[in-house]
Amino acid sequence: MTAATIRVAEDADMPRVRGDVGAYFELLSKWPETPDFLDAERAYGTLLVGEAGGRIAGFGGTLRRGSLTHLGDLFVLPDHQSSGVGRMILARLLPRDAPQITFAAANASALALYIRHGMRPRCPLLYLEGPFEGGPPAAAEVGPQEAAVMDAVISGGDRTDCLTWYAGLPGAGVRRSDGGYAFTRMVGDTLVIGPAGGETPQDSVEVILQTIAAHPGAKLIQVAVPGVHPLLPMLLDAGWRITAMDTVMTSEEGLVRLDRYLPHPDLG
């Protein structure tokens with residue numbers, strides 16, 4: 001097998017990154033058009049490709065929150081798995097001496113790779129979806145900078161630039177309650193909530209409920225909930241269903257306030 005070359009993704013690579021690797025793993029379902037989270041990784045983090053035999057074999061991407069690096073993607077096409085491409089991309093993306101976080105899929109090889117790189121499993125991350133139901137008074141709309149100040153404390157680091165970019169996308173917005181914040185985006189008739197959080201676990205619950213109340217036109221609502229978050233049993237009791245599950249892995253305990261934080265599936 002041809003040895004892989006690991007390099008920074010260029011503009012000319014993106015059609016193959018999206019069309020070959022992204023399409024195979026169905027990564028862009030919540031991003032019907034560009035710009036998408038891959039553009040965010042190129043602008044506010046790092047996006048690397050692994051090239052073998054003149055073709056893109058896989059890619060990996062990160063986003064930064066202050067000193068914390070979020071590994072958002074590490075995908076290698078089946079023909080190149082177990083070839084070392086994933087390990088080489090990861091070694092280039094994540095410095096071992098800096099705090100790190102990722103959402104690892106239910107894959108034994110991926111979990112082992114991240115553990116060998118210094119991360120440890122902390123809790124499950126469950127992807128839930130459910131219908132709109134009436135709730136408390138709707139959360140107020142605010143600008144991204146105001147919410148980014150709170151997000152920096154709860155999510156592990158400042159990323160005002162990335163959140164401002166996200167809030168400017170079509171269908172996106174920001175909500176704020178007394179003690180919480182929530183970034184949102186309507187994709188068709190589906191409301192995607194996250195990142196979101198609160199000063200206390202209850203604040204983070206209330207801002208989600210108020211954000212849902214602010215979008216009565218949504219036919220479906222999606223949110224990623226850490227297994228230790230108090231919102232999880234509430235949504236399940238209300239009839240929401242779990243559609244997928246990852247594992248939150250970090251290099252240190254306490255990097256993110258998982259009992260009061262709800263990440264964006266792709267932006268962390």
Side-chain angles (χ1 to χ4, degrees), residues 26-37 40 103 125-151 154-155 159-160 162-226 229-246 257-268:
E26 300 179 345
L27 303 179
L28 298 168
S29 60
K30 294 183 178 66
W31 304 85
E33 58 187 23
T34 56
D36 55 34
F37 71 92
F103 306 150
L125 180 67
L126 300 118
Y127 300 93
L128 273 67
E129 65 179 31
F132 171 83
E133 293 184 5
E141 214 167 353
V142 296
Q145 289 80 9
E146 182 179 344
V149 173
M150 186 177 295
D151 176 84
I154 299 167
S155 75
R159 50 174 166 174
T160 302
C162 184
L163 293 179
T164 300
W165 168 84
Y166 183 62
L169 295 179
V174 189
R175 297 282 168 173
R176 178 74 191 267
S177 65
D178 288 342
Y181 72 97
F183 285 78
T184 65
R185 191 179 186 195
M186 288 294 301
V187 181
D189 57 10
T190 298
L191 175 68
V192 179
I193 301 177
E199 294 175 358
T200 69
Q202 186 57 34
D203 286 332
S204 65
V205 168
E206 291 177 359
V207 75
I208 295 298
L209 298 180
Q210 292 179 28
T211 297
I212 292 172
H215 294 82
K219 293 184 178 179
L220 191 67
I221 303 164
Q222 297 177 337
V223 62
V225 186
H229 198 285
L231 185 68
L232 179 60
M234 295 176 61
L235 293 182
L236 293 177
D237 287 344
W240 288 45
R241 67 187 187 97
I242 299 170
T243 61
M245 184 177 76
D246 287 339
R257 311 295 291 271
L258 294 172
D259 63 343
R260 63 198 69 182
Y261 180 66
L262 300 105
H264 185 282
D266 297 313
L267 303 180

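All residue numbers refer to positions in the sequence shown, counting from 1.
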*Test log, rule side chain to side chain contact (heavy atoms under 4.5 Å, CB included), inputs W31 and V192*: CA-CA 11 Å; W31 304 85; V192 179; over 6 Å; no
*Could you check R159 against D151 for salt bridge (Lys or Arg N to Asp or Glu O under 4.0 Å), going step by step and ending with a plain yes or no?*
CA-CA 8 Å; R159 50 174 166 174; D151 176 84; 2.8 Å; yes
*Intermediate values then yes/no, side chain to side chain contact (heavy atoms under 4.5 Å, CB included), T243 and Q222*: CA-CA 10 Å; T243 61; Q222 297 177 337; over 6 Å; no
*How close do A167 and A172 get, heavy atom to heavy atom, and via which atoms?*
O-CB, 3.7 Å
*asked:* Heavy-atom count check: over 12 atoms from other residues, nucleotides or ligands less than 6.0 Å from R257 CZ?
replied: no
*Step by step, work out the ring-ring contact (aromatic ring centres under 6.0 Å, His included) result for Y166 and H264.*
CA-CA 11 Å; Y166 183 62; H264 185 282; 5.2 Å; yes
*Search all heavy atoms of S204 against all heavy atoms of G197 and return the closest pair with its distance.*
CB-C, 3.8 Å
_Heavy-atom side-chain proximity of L236 to L128 below 4.5 angstrom_ = yes
*asked:* Quick one: does any side-chain atom of R175 pair with a main-chain N or O of A139 as donor and acceptor, under 3.5 Å?
replied: yes
*Determine, step by step, whether F183 and L267 satisfy the side chain to side chain contact (heavy atoms under 4.5 Å, CB included) criterion, reporting the C-alpha distance in whole Å, the side-chain angles of both residues, the deciding distance to 0.1 Å, and the verdict.*
CA-CA 11 Å; F183 285 78; L267 303 180; over 6 Å; no
*Kindly give the heavy-atom pair with the smallest separation between G179 and M150, and that separation in Å.*
O-SD, 3.7 Å
*To the nearest 0.5 Å, how far apart are CG in L232 and CG in D237?*
9.5 Å
*Side chains of R185 and L169: closer than 4.5 Å at any heavy-atom pair?*
yes
*Could you check E129 against R241 for salt bridge (Lys or Arg N to Asp or Glu O under 4.0 Å), going step by step and ending with a plain yes or no?*
CA-CA 6 Å; E129 65 179 31; R241 67 187 187 97; 2.8 Å; yes
*Grab the two heavy atoms, one from L163 and one from P144, that are nearest each other, plus how far apart they are.*
O-CB, 4.2 Å
*Atom OH in Y181, atom CD in E146: separation rounded to 0.5 Å?*
12.5 Å
*Ignoring hydrogens and geometry, is there a side-chain-to-backbone donor-acceptor pair from R260 to E199 under 3.5 Å?*
yes
*Taking only residues two or more places apart in sequence or in another chain, which ones pass ring-ring contact (aromatic ring centres under 6.0 Å, His included) with H229?*
none
*To the nearest 0.5 Å, what is the distance between CG (L231) and CG (D259)?*
12.5 Å
*Can you tell me how far the CG atom of D266 sits from the CG atom of D36, to the nearest 0.5 Å?*
9.0 Å
_Rounded distance (nearest 0.5 Å) linking atom OG of S155 with atom CG of L258_ = 11.0 Å
*Close side-chain approach of Y261 and P195, heavy atoms under 4.5 Å*: yes
*Intermediate values then yes/no, side chain to side chain contact (heavy atoms under 4.5 Å, CB included), L262 and I208*: CA-CA 9 Å; L262 300 105; I208 295 298; 3.9 Å; yes
*Which atom pair, heavy atoms only, marks the closest approach of A182 to T211?*
CB-OG1, 3.5 Å
*Can you measure from CD1 (I212) to CG (L235) and round to the nearest 0.5 angstrom?*
6.0 Å
_Distance-minimising heavy-atom pair for P216 and A213_ = CD-O, 3.7 Å
